[in-house]
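Structure, as structure tokens:
Side-chain atoms are counted along with the backbone in the values below, which use heavy atoms only and exclude waters and symmetry mates. Counting convention: from 1, in listed order, for ligands and their atoms alike.
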Amino acid sequence: MSDYVADLMAQVKAKNAAQPEFHQAVEEVAESLAVVLDKHPEYRKAKILERIIEPERVIMFRVPWMDDQGDVHVNRGFRIEMNSAIGPYKGGLRFHPSVNLGILKFLAFEQVFKNSLTTLPMGGGKGGSDFDPKGKSDDEVMRFCQAFMTELCRHIGPNTDVPAGDIGVGGREIGFLFGIYKKIKNEFTGVLTGKGLNWGGSLIRPEATGYGAVYFAANMLGTRKETLEGKTCLVSGSGNVAQYTIEKVLDLGGKCITLSDSGGFIHDPDGIDRDKLAFVMDLKNVRRGRISEYADKFKSATYTAVDPSKDFNPLWNIKADCAFPSATQNEINGKDADNLLKNGVYVVSEGANMPSTPDAIKKYVDAKILYGPGKAANAGGVAVSGLEMSQNSMRYGWSREEVDNKLMGIMKNIHDACVAASDKYGTPYNYVNGANIAGFLKVADAMMDQGIV
Ligand code: NDP
């Protein structure tokens, strides 16, 4: 670690105590940028990185709501407006009991670079609540969303800050959030993305993050003149990103053999085909069940409960070619990375945000496998959110093929920008450095142009 990065990290840790995920995200970026900041003293003089690390605004609020029994609950709501140098704040809302300020700051920080990589005019933000939608009725989720938006609506707007979904926030929640926003503001605007198709949503938005992570993997494989045809893939999670990752891997001739949730994972060596995927979509999106039910239904599969206190996750200890972590942060540690490499995995494309620990990333980089970090590989979701904003502004909708082609083009551009930046700064095919550097430069130059604000 250079002296500059060491000093910066000491300040970040002192100022942002008890936010380990935020420290982790900043350290990874700062290490990649050390060489850029050496070449460009003007960025250092203008304290560009120090300013990017400090959110432009943090909003934290009380969210009281009533359950079906008439009991009152109090959750905490957040919106981190991280950086608006290149466009309105943009980033998802996460509803999960693990949500806290540090987790949302890490996500908002990553979002700044990710949104810049898409080449669309979007700043970075993130928000959410420690509310747990699991086990709640639709009415309870609606009352919570209404209470949450009653405060959040003061701070967002189609030209200011445009939230979307993330863990625990899908089409149902976006609908409830949009409905109450429209009622309070008395305006029908593109203030949220991920909207329903018949009220301003974009085709391919639900698919975009998963599809994009697969396109990114295909682009990485292309550098070795290979494709996904015939490849065996591990997928974690079983929500939005995992489901559409499987769909696109099937389209491109590969086979996915795992899915998980916070209880454990299923392993289906025969592969998750389209019929089985339709079962998963109904199970998770409509019936809101657990992934263990997959193994009850399909005898080719086994279910393994995962003990989070163990030092490795057996999901990552299965023979395969590719891995698409699509659940949550830090789900692959150093031991898991060893297991992936030992089992022949040589492509890791991150659908989730920061799913690999720094130890795991070091192992991928040392082994020179094709590793696409989340801020590049999962940027397809926010990219199509950007396209949804454009369609809302034009009051016009593009066809499925048009949006998918644009998504494919954006993922290729992101891939190529990462390769070019990593090459230019002396670490060829290091997608971590490439994504951090390419994402940073556009934001940094905009901040230089706009003065000390
Ligand atoms: P969903 O809520 O649809 O699904 C999340 C899945 O991950 C569920 O299967 C959930 O299991 C599992 N999961 C969540 N938290 C944990 C945990 N602590 N331990 C183990 N499993 C967990 O979310 P998404 O699919 O939208 O998001 C998944 C990842 O992709 C997140 O990292 C998100 O930030 C990232 N992402 C999402 C984008 C999007 O467009 N939706 C865009 C870019 C990134 P369970 O049901 O048991 O909680």
Side-chain angles (χ1 to χ4, degrees), residues 21 25 90-100 103-104 106-108 110-111 113-115 117-118 124 126-128 130-136 141 163-174 192-194 202 204-213 216 235-246 258-266 280-281 283-285 287-294 305-308 313 315-316 324-332 349-356 372-386 388 407 411:
E21 293 84 3
K90 180 91 197 87
L93 296 171
R94 177 176 290 191
F95 292 169
H96 192 272
S98 64
V99 162
N100 59 38
I103 290 202
L104 293 178
F106 116 64
L107 288 163
E110 293 276 294
Q111 197 81 42
F113 299 86
K114 183 190 309 193
N115 292 4
L117 283 170
T118 67
K126 199 82 188 187
D130 56 0
F131 171 73
D132 187 359
K134 232 177 282 164
K136 306 288 189 301
V141 170
D166 190 73
I167 292 178
V169 178
R172 173 182 63 170
E173 290 75 16
I174 294 290
L192 292 164
T193 57
S202 172
I204 304 278
R205 175 59 190 92
E207 294 89 336
T209 307
Y211 279 19
F216 198 87
V235 179
S236 63
S238 49
N240 171 270
V241 178
Q243 293 168 15
Y244 289 105
T245 293
I246 293 182
T258 60
L259 274 170
S260 71
D261 60 25
S262 47
F265 71 95
I266 60 100
V280 172
M281 288 184 171
L283 173 72
K284 299 305 283 190
N285 310 344
R287 292 189 285 127
R288 300 189 187 273
R290 309 302 296 157
I291 201 63
S292 57
E293 293 170 51
Y294 181 104
V306 170
D307 176 357
N313 181 342
L315 190 166
W316 306 120
F324 292 92
S326 308
T328 195
Q329 62 274 359
N330 291 331
E331 55 172 310
I332 301 181
S349 188
E350 294 183 339
N353 283 307
M354 207 169 78
S356 305
K375 64 170 76 70
N378 72 35
V382 73
V384 175
S385 276
E388 183 173 329
L407 171 63
M411 295 315 296

#### Entry: Check: Trp316 main-chain N/O paired with Asn313 side-chain donor or acceptor under 3.5 Å
no
### Query
Under 3.5 Å between some N or O of ligand 1 and some N or O of Asn378?
no
### Message
For Gln243, state whether at least one heavy atom is located under 4.0 Å from any atom of ligand 1.
### Response
no
### Task
Note the single closest protein heavy atom to atom 17 (C) of ligand 1, along with its residue, its atom name and the distance in Å.
Thr328 CG2, 3.5 Å
### Shortest protein contact, atom 4 (O) of ligand 1 (heavy atom only)
Gly239 CA, 3.4 Å
### Task
Keeping the roles fixed (side chain from Glu350, backbone from Lys375), state whether a donor-acceptor pair exists under 3.5 Å.
no
### Message
Quick one, Thr118 with Val382, criterion side chain to side chain contact (heavy atoms under 4.5 Å, CB included). Give me CA distance, side-chain angles, the key distance, then yes/no.
### Response
CA-CA 8 Å; Thr118 67; Val382 73; 3.9 Å; yes
### Task
From the options Ile103, Thr193, Asn353, select the one whose nearest heavy atom is closest to atom 44 (C) of ligand 1.
Asn353
### Task
Could you give me the CA-CA distance, side-chain angles and deciding distance for Asp166 and Lys126, then say whether side chain to side chain contact (heavy atoms under 4.5 Å, CB included) is met?
CA-CA 9 Å; Asp166 190 73; Lys126 199 82 188 187; 3.1 Å; yes
### Working for side chain to side chain donor-acceptor pair (under 3.5 Å), residues Glu331 and Ser236
CA-CA 9 Å; Glu331 55 172 310; Ser236 63; 2.7 Å; yes
### Message
Looking at ligand 1, is there an atom of it that comes within less than 4.0 Å of some heavy atom belonging to Ser238?
### Response
yes
### Closest approach of any protein heavy atom to atom 15 (N) of ligand 1, naming residue and atom
His96 NE2, 3.6 Å
### Query
What protein heavy atom is closest to atom 5 (C) of ligand 1, reported as residue, atom name and distance in Å?
Ile167 CG1, 4.3 Å
### Task
Could you verify whether a donor N or O on one side chain and an acceptor N or O on the other, from Gln243 and Asn285, lie under 3.5 Å apart?
yes
#### Entry: side chain to side chain contact (heavy atoms under 4.5 Å, CB included) involving Asp130 - partner list, sequence neighbours excluded
Asn75, Arg76
### Query
Quick one: does atom 10 (C) of ligand 1 have a protein heavy atom under 4.0 Å from it?
no
### Task
Nearest 0.5 Å please: distance from the NZ atom of Lys284 over to the CG atom of Leu259.
9.0 Å
### Query
Between Arg287 and Glu293, is there a side-chain N and carboxylate O pair less than 4.0 Å apart?
yes
### Query
Do Lys114 and Asn353 have side-chain atoms, one donor and one acceptor, less than 3.5 Å apart?
yes
### Message
Among all the protein's non-hydrogen atoms, which is closest to atom 46 (O) of ligand 1, and how far away is it?
### Response
Arg290 NH1, 3.4 Å
## Note on the structure
Honestly, for Ser98 the part within reach of ligand 1 (heavy atoms, under 4.0 Å) is neither
### Message
Check for me whether Met354 has a heavy atom closer than 4.0 Å to any atom of ligand 1.
### Response
no
### Query
Are the side chain of Asn240 and the backbone of Pro206 linked by a donor-acceptor contact shorter than 3.5 Å?
yes
### Heavy-atom nearest option to atom 42 (C) of ligand 1, drawn from Asn240, Val241, Leu107, Thr209
Thr209
### Query
Do any nitrogen or oxygen atoms of Ser262 come within less than 3.5 Å of a nitrogen or oxygen of ligand 1?
yes
### Query
Going by the atom numbers of ligand 1, which of them fall below 4.0 Å from some non-hydrogen atom of Ser260?
9 (O)
### Query
Side chain, backbone, both or neither: which part of Arg205 comes within less than 4.0 Å of ligand 1 when only heavy atoms are counted?
side chain
### Query
Counting only heavy atoms, which portion of Gln329 has something under 4.0 Å from ligand 1: side chain, backbone, both, or neither?
neither
### Message
Would you say Arg205 and Ser385 are linked by a side-chain donor-acceptor pair, where the criterion is simply a distance under 3.5 Å?
### Response
yes
### Message
Any side-chain to backbone donor/acceptor pair from Ser349 onto Gly372? Under 3.5 Å, distance only.
### Response
no
### Query
Closest non-hydrogen protein atom to atom 2 (O) of ligand 1, residue and atom name please, with distance?
Gly168 N, 2.9 Å
### Message
Out of Ser236, Ala327, Gly381, Gly194, who is nearest to atom 29 (C) of ligand 1 when you count heavy atoms only?
### Response
Ala327
### Cation-pi, Phe131 ring and Lys136 (6.0 angstrom, 45 degrees)
yes
### Message
Below 3.5 Å, N or O to N or O, backbone or side chain included: is there any such pair between Ser326 and ligand 1?
### Response
no
### Task
Answer yes or no: does an N/O atom from Lys134 fall short of 3.5 Å to an N/O atom of ligand 1?
yes
## Note on the structure
Here the atoms of ligand 1 under 4.0 Å from any heavy atom belonging to Ala352 are 29 (C), 30 (O), 32 (O), 35 (C)
### Contact check, side chains of Lys90 and Thr193, non-hydrogen atoms, under 4.5 Å
yes
### Message
Can you report which non-hydrogen protein atom sits closest to atom 34 (O) of ligand 1, along with the distance?
### Response
Asp166 OD1, 2.6 Å
### N or O pair under 3.5 Å between Asp261 and ligand 1
no
### Message
If we only consider heavy atoms of Glu331, is any one of them less than 4.0 Å away from an atom in ligand 1?
### Response
no
### Task
Taking only heavy atoms of Arg94 into account, list the atoms of ligand 1 that are under 4.0 Å away from them.
31 (C), 32 (O), 33 (C), 34 (O)
